[in-house]
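Please read the structure below before turning to the comments.
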Amino acid sequence: MNGSFTHKLLKHSLYTATTTTTTTTTHFPLTSLQCGTILQSLTNAKSFTKGHQLHAHITTSGTLQNNTYLGTKLAAFYASCGRMPQAQFIFDGIDFKNLFLWNAMIRGYACNGGSSSFKSIVLYREMLAFGWKADKFTYPFVLKACGYLLLVEIGRRVHGEAVVSGLDSDIYVGNSLLAMYMKFGDMGMARMLFDRMPERDSTSWNTMISGYVKNESPKEALVVFDMMEKAGMTVDGTTLLGLLSACTGLMALELGKGVHGYGVRHNAEMSNKFLRNALIEMYCSCNSIAYARRLFDEVKLKDTVSWNSMISGHEQSGDAFECLRLFCKMVTEGALPDEVTIVTVLGGCDQIMALQFGTSIHSYLVKKGFGVNTIVGTSLLDMYSKCGSLASSRCVFDEMPEKNLVSWSAMVTGYGVHGRGREAITIFHAMIADNVCPDEGVLTSVLSACSHAGLVNEGRQIFHGMTTKYNVKPTPALYSCVVDLLGRAGHLNEAYELIKSMEVVPTDDIWAALLSACRLQRNMNLAEILEQKVFEMNPKGVGSYVCLSNIYAAEKRWGDVERIRAMVRKKGLKKPPGCSFVEVDKKVHRFLVGDRSHQQTEYIYAKLEDLKQQLKEAGYKPDTNSVFYDVDKEVKEKMLWDHSERLAIAFALINTGPGTIIRITKNLRTCGDCHTVTKLISKLMCREIIMRDIRRFHHFKDGSCSCSDYW
DNA sequence: CTAGGGTTAG
């Protein structure tokens, strides 16, 4: 039937539907055939309102009486619009059901998602009980529902039934089987069926490719693609989409570029928004942010996913400033942020401790009536905690209607890194009382909380009870926490014995934890034993070397310090430059060590000079031991005053009013002298200073620190 | 009026 004829019929039917209700029902009733034809096109177009009106016409004109034909069309129409209650009502009223009707209902339920999918399986069973035989149309719907609900056993049974009926050789049924096993994560089975398929189309190949990508075998996906090309199959947009996600997973830039080029050459479909977004994601994951950004900027009609991919690309690459800027641009341009956007941007706030920015996002959510669900709530509480506002973090936590394991863990971690071990343990026990089963992650959080607070007995108890109580086996990460806990508290031998008793080879992290404890406890004997381990280790950074050097420096063993330094030089390792962030008037400022690029540089260094004099008068003596370079004492002292956290503090002191809390984050562990200086500044200037270093928070107030010098 | 309906990706 051609479109204009349908349109005329449609207009006629709507005219009749509206006039009949006001005048008389016997004027112009449409025939069954007419209604059926119109319903068919409305079903295809999923235009609910018009179909609903036509239904009213059919009812009032009496056409529906004892009419299986129209009833079936109506039920199919409602089902295709996802209006299952109405469809079910019609369905129930039809005495002589046919297979098409059953299929339409099963499809409606299967495509509706959620528990509705389960209804489709129930209906399928009901259909069989009434003596019907499933046909090649039935299976794809039922299999889809099984895949969606991950009903493995039922899915296998339906598969068996399809085999018995011989319909598994139908290509649609076959493809649906592949899709179902792919969702079950059973690529072995999917592959076996695929290999045995009598014929395969692009969908079969595409399903295999995306199946391997989804099940974390991107390499296999590429192998299948190779075979697909050799088999002469048509490569379409879906194929390219699967390949691009494979490249994203493998961080395979060259290959990704190849797919990009192939797409440009072989189909104009690269303008498809899904492909564009996949390209942006691929370039981001391959660390080609600039390239991704160029693609992104070229796109005129950006959807939320495009914004999210790009914002997340900046966040992942560590450019939190650009991440926040792009979010502002998104809002200004009228795009609609969703949950993913919010979580990503809050992650950006974490990185640079942008508390005011994060707080404004919280207000934005409230103002826009954005429901704060578990995921958004958790990232909000995490943001507050990482930005140094534990009280706000707890408020969000308490107001969350639903908490999951991640929410509880985030709260435990929050208390832990702020040095409030007792509260961390309390939250942990509240979680257990709430019947949430702990995992490795939350146990790591609670153990490290014990460690930061020196709660040795509590931590030891949790560690030794975790296998029997919570069925969590000790992992290297957990061992590393306990070694840290025992070592810091002075139980170095117990920690060392624990490492030796482990059934697995200790990881670098575990040795690093023990070494760090040696520094704190000034245990030279063990440190000397560990030195060899440090050399054997393959650390990404220079942390352990710096630690070792600090240990020797504290004992004034300069020869050993020089030996370590030489080793670092030989290995070509570099300490990343210190970098601190501080937020003033909703703007985050970044300071590198010795930074002179800031507009207020003159004032900052003058302020530091002034502070140095005042501190010296108050009895401060610089501790140059932690300076890693071989220079004389005066130069070392000067270098200390270049440390980025001091620049940030001085800047904040100049630009904020009395009593304002100063919040700072630094990319490395803060040095002993900065720790002393910050304590003194907090007293001298009557300022609370909250500093997050790579390990934990330090709350400086009235000349002392919340870590009790134990970090 | 006796056909009509299905699979992958986002």
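A, B, ... follow the sequence lines: proteins, then strands. Residue 1 opens every chain. As the structure is a prediction and not an experimental result, all values here were calculated from the model.
The ring pair (Phe, Tyr, Trp, His ring centres under 6.0 Å) search around A:F118 returns none, not counting sequence neighbours. For A:I375, the side chain to side chain contact (heavy atoms under 4.5 Å, CB included) test picks out A:E339, A:V343, A:N373, with sequence neighbours left out. Scanning for side chain to side chain contact (heavy atoms under 4.5 Å, CB included) contacts around A:V340 gives A:N308, A:D338, A:T344, with sequence neighbours left out. In terms of the side chain to side chain contact (heavy atoms under 4.5 Å, CB included) criterion, residue partners of A:A134 (sequence neighbours excluded) are, by chain and number, A:Y124, A:M127, A:T138, A:Y139.
Rounded to whole Å, the distance from CH2 on A:W102 to C1' on B:dG4 is 19 Å. The distance from atom CE of A:M197 to atom C1' of B:dT8 is 11 Å, rounded to the nearest whole Å. Going from atom CZ of A:F225 over to atom P of B:dT8 covers 21 Å, rounded to whole Å. Atom CG of A:L243 is separated from atom C1' of B:dG10 by 15 Å (rounded to the nearest Å). Taking atom CG on A:L101 and atom C1' on B:dG5, their separation rounds to 12 Å, with Å as the unit. To the nearest angstrom, C1' of B:dG5 lies 7 Å from CG of A:N103. Protein atom CZ of A:R107 is 6 Å distant from nucleotide atom P of B:dG6, rounded to whole Å. In this structure, OH of A:Y212 is placed 18 Å from C1' of B:dA9, rounded to the nearest angstrom.
The structure places SG of A:C111 at 6.5 Å from CZ of A:R107, a figure rounded to the nearest 0.5 Å. Interatomic distance, A:T378 OG1 to A:L405 CG, rounded to the nearest 0.5 Å: 10.0 Å.
Counting only N and O atoms by type, the side chains of A:T239 and A:D236 include a donor and acceptor under 3.5 Å apart.
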Side chains of residues 218-229 of chain A: which donor-acceptor partners sit under 3.5 Å, not counting sequence neighbours?
residue : atom : partner : partner atom : Å
A:E220  : OE2  : A:R191  : NH1          : 3.4
A:D226  : OD2  : A:K230  : NZ           : 3.3
A:E229  : OE2  : A:Y262  : OH           : 3.4

Sequence neighbours excluded and cut-off under 3.5 Å, please list the side-chain donor-acceptor pairs for residues 293-301 of chain A, or say none.
residue : atom : partner : partner atom : Å
A:R293  : NE   : A:D297  : OD1          : 3.2
A:R293  : NE   : A:D297  : OD2          : 3.3
A:R293  : NH1  : A:H314  : NE2          : 3.0
A:R293  : NH1  : A:E322  : OE2          : 3.1

Under 3.5 Å, sequence neighbours excluded: what are the donor-acceptor pairs made by side chains of residues 171-178 of chain A?
residue : atom : partner : partner atom : Å
A:N175  : OD1  : A:S204  : OG           : 2.8
A:N175  : ND2  : A:I171  : O            : 3.4
A:N175  : ND2  : A:D201  : OD1          : 3.2
A:S176  : OG   : A:Y172  : O            : 2.8

Hey, can you pull the donor-acceptor pairs under 3.5 Å for the side chains in residues 82-93 of chain A, sequence neighbours left out?
residue : atom : partner : partner atom : Å
A:Q88   : OE1  : A:Y109  : OH           : 2.6
A:Q88   : NE2  : A:D92   : OD1          : 3.0

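Under 4.0 angstrom from either OP1 or OP2 of B:dT7 there lies no side-chain N or O belonging to A:K183. The shortest distance between the side-chain N/O atoms of A:K144 and the OP1/OP2 oxygens of B:dG6 is not below 4.0 Å. Using a 4.0 Å cut-off, no side-chain N or O of A:K136 falls inside it from OP1 or OP2 of B:dG5.
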Listed pairs, N/O of protein and of nucleotides 1-3 of chain B, under 3.5 Å:
none

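Checking B:dG10, B:dT7, B:dA9 against every side-chain atom of A:F274, the shortest atom distance belongs to B:dG10. Distances were taken from every side-chain heavy atom of A:M182 (C-beta onward) to each of B:dG5, B:dA9, B:dT7; the shortest belongs to B:dA9.
At a threshold of 4.0 angstrom between heavy atoms, the contacts of A:A104 with the nucleic acid are absent. A:M208 comes within contact range of no nucleotide atom at all, as no heavy-atom separation falls under 4.0 Å. Here A:T72 lies in heavy-atom contact (under 4.0 Å) with a base. In this structure, A:D303 reaches neither bases nor backbone, as no heavy-atom distance under 4.0 Å exists between it and the strands shown.
Interface residues of residues 248-258 of chain A facing DNA chain B, ordered by number: none; criterion, heavy-atom separation under 4.0 Å. A heavy-atom distance below 4.0 Å to DNA chain B is reached by these residues of residues 155-178 of chain A, ordered by number: A:D170, A:Y172, A:V173, A:N175, A:S176.
Contacts classified as salt bridge (Lys or Arg N to Asp or Glu O under 4.0 Å) and involving residues 123-138 of chain A (residues at least two apart or in different chains) are given here: A:R125-A:E161.
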task: Would you sort out whether A:H362 and A:Y384 count as a side-chain contact (heavy atoms from CB on, under 4.5 Å), showing the intermediate values?
output: CA-CA 10 Å; A:H362 192 180; A:Y384 279 122; 2.8 Å; yes

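Within 3.5 Å, no donor on the side chain of A:T207 pairs with an acceptor on the base of B:dT8, nor the reverse.
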